[in-house]
Every structure is written in structure tokens, then in C-alpha cells.
Amino acid sequence: ESKRFDPILYQAIGLLYEYAGRHSGVTHQMISPTRPFFEKPDLDDVIASGWLEEMTPPSEGSKQVVWKEALVVLTQKQTEDPCLWISREVMEGGGDPELETIHKIFIRRLHSCDYVNFYGDHRVSLRVKRKDSDIILRCQSAYAAREWVNELDAAKDRSKKTSILSHDHHSPSWRERRKSEEKRVEKEIKQKGRKEKDIENLKAVEDSRRRQQSELEEQKKAAAEKRRIEIEQKRKIAQEEQKRMDAEKKQKFLSEEQRKQDLIANAKKQRGKSNKSEGKGKSKDGEHQRRRSSLSAASKYKKTKQQQQNQHQPEGNNYSESKLPSPKTKEQHDDHKSVDTKYTEMVNEATNVGEDFLTAVKRHILSQWALQPPFMQSLRPIEELLCSVHTAYPPACGVSSHPYFTNWKAIASEELTNIQGTSLEEEKVKKAVRKLRFFLHPDKLPRDLNEEQHFVCKLLWDVTNDAWDEYKRSQEESSLIS
């Protein structure tokens, strides 16, 4: 469709509407084809105009809807709100028809404007604020109806932007309104400029704050890095000092051990010379001592047998025979001698000038903690070893210390005896041995122990196990004798 309409096509459309009206009960009036539905005249105050049909509600007792021709004009004067005028032609006194205004609608009161295609009727529905019913306009052109809707929406947008006061006889003149509008616009411009300056000032303050914060963070990072480097240097210096002190301790310990071994070697040489001269006398004394020991053992055996016979027990012979030392007891005695000989040989083995550190540590632990003075021929009792084992832990013997050995809680002698403190209790001794084994077990030791610390733990483990076996053997022998 276009703005120009063909009169013949226009008449055909009108005839179709008249035919439909006769069969549907709705009367249709044909607008003259010379009157346009929508046009934009070249006038100052008129935006759009056109001839449309307005729907009038049916009268009482009638259901027919009547459509009447009306002139619709959209105007807007300078600095005023757009206004929609709807007028009809009225014949008075048989003269020329005159226009009578039916509706005067300010666009600011227009709530909505919609286009509706109702079975070929192209309608424009106007909803006005504070009005009960809508105003319905129609035309035979969809293009004209859509143009009216678009133009009314545009006028509504303009009315919202301008925000001009309502037009009545009490409102000020357009010059005063124009001055007030100019003042308002100037005030808004000043406020906008002030806001822009405030925003720029805020941005500058925020930028300076961020810059100061970034500089402060950089200073903190530099200080932290410097502190870390200082701590690392101090740690390295402390490690080097600790290594130096450990080396000095080892050297001092080795020199002291070497001096002791030299003294022992000199004493052995002098003893050997004196023993050569006294060898014959000692051999005779030794033979005499062995005879005395055998005679005392035989006398003890006879006394024991005589006591058993005096008790008149039927199984006395068998019981006395059970008290004699069995082959197993003799083997255990030989094992006991081998254990003592092993540690004695460890202490008395010859040393060279270039003796290694581990051998010196082993000799020091055995002589100072494990073997019983003054002859160093047997292990100390298990209770003495348990109560003094903390003295053999590093840093003793020149071995470097470790925090793990400080966790050991020393065992007091009262923890191994009965309430009166007169004899040992086997369960308490067994519990203390189990505690020491758990502490020295290879699976429980820290992984950062060095070779020397591992060597000390293994030596303490072996000595404690041998002492515990000797204690159990002595307990068995005492039970057999009793």
C-alpha cells in the first residue's frame, strides 16, 4: 500500500463493507475517497491529520455498533504538550457543515496506542488515563493505521522528554516557561559539569591511592625478600659452625681415645713382662684354685643329696637328678661365656694409630656403659643398663646430637623394683626393655639420622638384647636351683 489510493478500488472496498454490514447487523459508512486517512500537512503546529471512523457505543435497546466519520488532528505548539483533536461535521440551520470537537486528548495522558487487525478492519485503539472505555478508530488501510500508531508513539516519547507543564488558563506565558526551561537546562549543565569535575577528582584520588598501595606492596615484598635472604645466610652460617664444632669434637674424642689406648698398650706390655717372671707361680696357684673349686662343688652336691634323702620322698632320687645341670644348661652357660667374651674382645682389640671414628665410639660405649668395671669381663646387669642408657645417647662419644634422642624419658631404679625396693620385678623389667626396643627399633628411627647415629642405636640394641637374655637365663637357673 502507498499514500495514494485508487478511487475505483476504494469504491469496491466500500461496497464489500456495505454487503458485510447488511448480513452482520453492523452498519458501515463509506468515507469519501477524496479524504485521506493519514497525511502530514505542511503546517507549523499540525503534525498529522486524517479522516477516520470512530466507534460509538450502541444505544439502549440496540446491539448495533455505529461508526461515524471523524477528523483526527495531532498538533503541537511551541513549548507545549502535543494534543490529539477528534472532531465531527455538524449541520446547523441547513448551512455549511461545521466541525465540533468531541475529544481533546493531551499526549501525556495517553496510556497506550495499539494497532488491531479485526477481520479486515484496521483499527487504532487509544487508552486514555482516567477514562473508562477506550477510543476505537478504524480505516480501510493498514498502512494508515500503522502510521497513526507510530506517530502517536513518537509524540508520546517527545512529551516525556520535554516535561512541559499542562496547558490551562492559569499556566504562565510561553516566554516565562521558556525562561524557566532555559534556567533549568543551564542548571543541569552546571550540575553535570560539577559532577564531571567531581568524578575526575575522585578518579585522581583513587589513582594516587592505588599507586601508593602498589608502592607499599612493592616495599613489603622487597623487605620480605631481604629478610628471607638474611635468614638463609644465618642458617648457612649456623650449619657451617655446627659442622665445624662436630668435627672438633670428633677429633678431640679420637685423640683422647688414642691416648687411652696408648696407655693401655703400655700397661699391657709392662704386665706381660711381669707375667713372664711370675708365670710359674701363677700356674701353680691356678691349679690349686681349680682343685679347691671342684672340692667345694662336690661337697655342696653331697649336702644337697643328703637333705633330699632325709625328707623321705619316694621320688627323691629322680628329683635330685633333675637338679643336676643338664646339657642344655651347660650350652647356655657356654653361650653366656661367648657373649661376655665377644664384648671383652671388642674392648681389648688392638688399635692402630689411624683408628676410625666408629671403632672409637664402640669402645667408649662398651667401656663406659655396657661392661662392668674394673675387669670389663661381663655385661652390667639389665637394670643398670636401662637406668643409664640415656648417658650413651648422642651427643655422647663425640656423635652429633639429634632432637629424637631428647624424647627419651630416663628410667629410675624405683620403676623396676617392688614397693619395698628390695628386689626386681620381672614384669616391670620386661616393660622397660620393651620400651627401649620400641625406641631403638630401626622402623621407628627418623630418616635423617646419619651413619654414626644409626651405629650407636644398633650397638645399644644389641647390648640390651644380650643383657635381657642373660637376665632371663639367670632367672631360669635360680628357679631350677630353688
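For clarity, every value in this text was computed on a predicted model and none was experimentally measured.
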Problem set entry | Worked verdict on Arg35 versus Glu89 for salt bridge (charged side-chain N to carboxylate O under 4.0 Å, His left out) | CA-CA 13 Å; Arg35 294 181 175 181; Glu89 288 184 340; 2.9 Å; yes
Exercise. Would Glu54 and Lys68 count as a salt bridge (charged side-chain N to carboxylate O under 4.0 Å, His left out) if you check the C-alpha gap in whole Å, the side-chain angles of each, and the deciding distance to 0.1 Å?
Worked result: CA-CA 5 Å; Glu54 182 189 8; Lys68 294 184 179 180; over 6 Å; no
For this session: Could you walk me through whether Lys77 and Asp45 pass the salt bridge (charged side-chain N to carboxylate O under 4.0 Å, His left out) test, one step at a time?
Result: CA-CA 5 Å; Lys77 294 183 179 181; Asp45 297 337; 5.2 Å; no
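Between the side chains of Asn418 and Ser423, a donor-acceptor pair is found at a separation under 3.5 Å. With no hydrogens or angles considered, a side-chain donor-acceptor pair links Asn465 and Arg437 at under 3.5 Å. The closest side-chain donor-acceptor pair between Trp85 and Thr101, if any, does not fall under 3.5 angstrom. Side-chain contact check for His402 and Asp448: at least one donor-acceptor pair (N or O, by modelled atom type) lies under 3.5 Å. Checking Thr417 against Glu425 by side-chain atom types alone, no donor-acceptor pair falls below 3.5 Å.
Here Phe405 and His390 keep their ring centres 6.0 angstrom or further from each other. The six-membered or imidazole ring of His364 lies away from that of Trp369, with a centre-to-centre distance of 6.0 Å or more. The distance between the ring centers of Tyr404 and Tyr393 does not fall below 6.0 angstrom. Residues Tyr143 and Phe38 place their aromatic rings such that the two centres sit no closer than 6.0 Å.
Side-chain contact between Ile86 and Leu71: absent, with no pair of heavy atoms (C-beta onward) separated by less than 4.5 Å.
Using a cutoff of 4.0 Å between basic side-chain nitrogens and carboxylate oxygens, Lys203 and Glu206 are not scored as salt-bridged.
Residues satisfying the ring-ring contact (aromatic ring centres under 6.0 Å, His included) test with Trp468, not counting sequence neighbours, are Tyr471.
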